[in-house]
Every structure is written in structure tokens, then in C-alpha cells.
Participant: 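What follows is a structure written as C-alpha cells; I'll ask about it next.
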Amino acid sequence: MPKGHTIRCLARDPARLQDLAAAGCEIVRGDIADLASMQRAMESIQAVYISIHTLSPQQTNGARPRFMDIEKNGLQNVVTACRSHGVHRAVYVTSLGIAPDAPSEWLREHW
């Protein structure tokens, strides 16, 4: 844990992050699809590191939206909450090979 800083982790299921909580991270319940939870999570935050995984099936109002739409809307919620709380640093982290000519639509959409 960096000296003088608190790390807050957002999770849909905070119970799954008990190891991080034991290491001193603040764990908050939330979902990128829920703007209100993003607003709560961004209170008193200076920087946001975004590392999300939307490749698992998601259910919204009985429909199955595209993975890219879920992530795009979620990232818009993160940016909206950052702007509301004066957070000026957001870092989006991915380990995948995104490119405009990538073989999959998901990778091209991220580009």
C-alpha cells in the first residue's frame, strides 16, 4: 500500500476481494453499469485505474446486450462520475492486443 494513500476497489461481489481487504484496500460494492454506484465510488478519489472484464454473459432487462455496449456504457458511467467528483486521472488497463485491424470485433471496438 503506498504511504499516505488508500486504495479503493470496486466489486459487484465484495466478498470475492477479501484478500485485498485483508491487505488494507477499501472494498466498495458497485457495478460500472450503475451510475449511482460509480458516483459513490468516486467520492474523495484522485485517480482511477480501470481494469474490467466484460466477456462473461451479462443480462440486462431480459436482453443480452453486446459486450462492447456493456463496457462502453460502463466506461461512460465511470467518466461521468469522475467529472462529477473532479477526478482528472483515469487509466484504462487492458492486456489484450487491441488494434484497428484486430481479428475480433471486441478488440477492434476497444481501439
Side-chain angles (χ1 to χ4, degrees):
M1 187 86 51
K3 270 192 171 175
H5 296 280
T6 299
I7 296 175
R8 181 179 297 162
C9 298
L10 178 81
R12 287 183 288 181
D13 181 3
R16 296 180 72 185
L17 299 182
Q18 291 307 307
D19 289 348
L20 291 174
C25 292
E26 176 187 357
I27 310 298
V28 296
R29 180 180 304 278
D31 190 314
I32 63 168
D34 176 26
L35 178 58
S37 71
M38 290 296 92
Q39 293 285 5
R40 288 188 301 275
M42 298 300 166
E43 292 176 6
S44 304
I45 295 297
Q46 296 175 357
V48 175
Y49 290 82
I50 307 158
S51 178
I52 57 176
H53 172 352
T54 57
L55 289 176
S56 58
Q58 307 289 318
Q59 203 71 17
T60 306
N61 298 330
R64 285 187 91 173
R66 296 178 338 135
F67 299 127
M68 287 78 68
D69 294 334
I70 294 167
E71 192 161 317
K72 177 184 170 192
N73 294 336
L75 290 171
Q76 286 173 334
N77 286 339
V78 171
V79 169
T80 297
C82 283
R83 287 180 173 155
S84 295
H85 291 281
V87 179
H88 298 288
R89 291 183 185 99
V91 178
Y92 179 73
V93 180
T94 182
S95 61
L96 296 172
I98 61 173
D101 59 347
S104 80
E105 179 184 16
W106 193 86
L107 295 172
R108 290 190 303 274
E109 289 275 337
H110 275 74
W111 178 260

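Fair warning: this is a prediction, and the values are worked out from it, not measured in the lab.
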Participant: Return the CD1 to CD1 distance between Ile7 and Ile27, rounded to the nearest 0.5 Å.
Facilitator: 10.0 Å
Participant: Could you give me the CA-CA distance, side-chain angles and deciding distance for Val48 and Met42, then say whether side-chain contact (heavy atoms from CB on, under 4.5 Å) is met?
Facilitator: CA-CA 8 Å; Val48 175; Met42 298 300 166; 3.5 Å; yes
Participant: Could you tell me which residues satisfy side chain to side chain contact (heavy atoms under 4.5 Å, CB included) with Ala41, sequence neighbours excluded, listed by chain and number?
Facilitator: Leu10, Val28
Participant: Any side-chain heavy-atom pair from Gln76 and Leu35 closer than 4.5 angstrom?
Facilitator: no
Participant: Only counting residues at least two apart or in another chain, list the ones meeting salt bridge (charged side-chain N to carboxylate O under 4.0 Å, His left out) with Arg8.
Facilitator: Glu26
Participant: Do you know which two heavy atoms are closest between Leu20 and Cys9, and how far apart they sit?
Facilitator: CD1-SG, 4.0 Å
Participant: Donor-acceptor pairs under 3.5 angstrom involving side-chain atoms of residues 85-93: please list them, not counting sequence neighbours.
Facilitator:
{"residue": "His85", "atom": "NE2", "partner": "Gln39", "partner atom": "O", "Å": "3.0"}
{"residue": "His85", "atom": "NE2", "partner": "Gln39", "partner atom": "OE1", "Å": "3.2"}
{"residue": "His88", "atom": "NE2", "partner": "Gly86", "partner atom": "O", "Å": "3.4"}
{"residue": "Tyr92", "atom": "OH", "partner": "Glu71", "partner atom": "OE2", "Å": "2.3"}
{"residue": "Tyr92", "atom": "OH", "partner": "His110", "partner atom": "NE2", "Å": "2.9"}

Participant: Sequence neighbours left out, what passes side chain to side chain donor-acceptor pair (under 3.5 Å) with Asp34? Give chain and number order.
Facilitator: Ser37
Participant: Return the set of residues passing side chain to side chain contact (heavy atoms under 4.5 Å, CB included) with Ala11 (not counting sequence neighbours), or none when no residue passes.
Facilitator: Leu17
Participant: Show the nearest heavy-atom pair for residues Ile70 and Ile32, with the distance to one decimal.
Facilitator: O-CD1, 4.3 Å
Participant: Among residues at least two apart in sequence or on other chains, which ones pass side chain to side chain contact (heavy atoms under 4.5 Å, CB included) with Asp13?
Facilitator: Ala15, Arg16
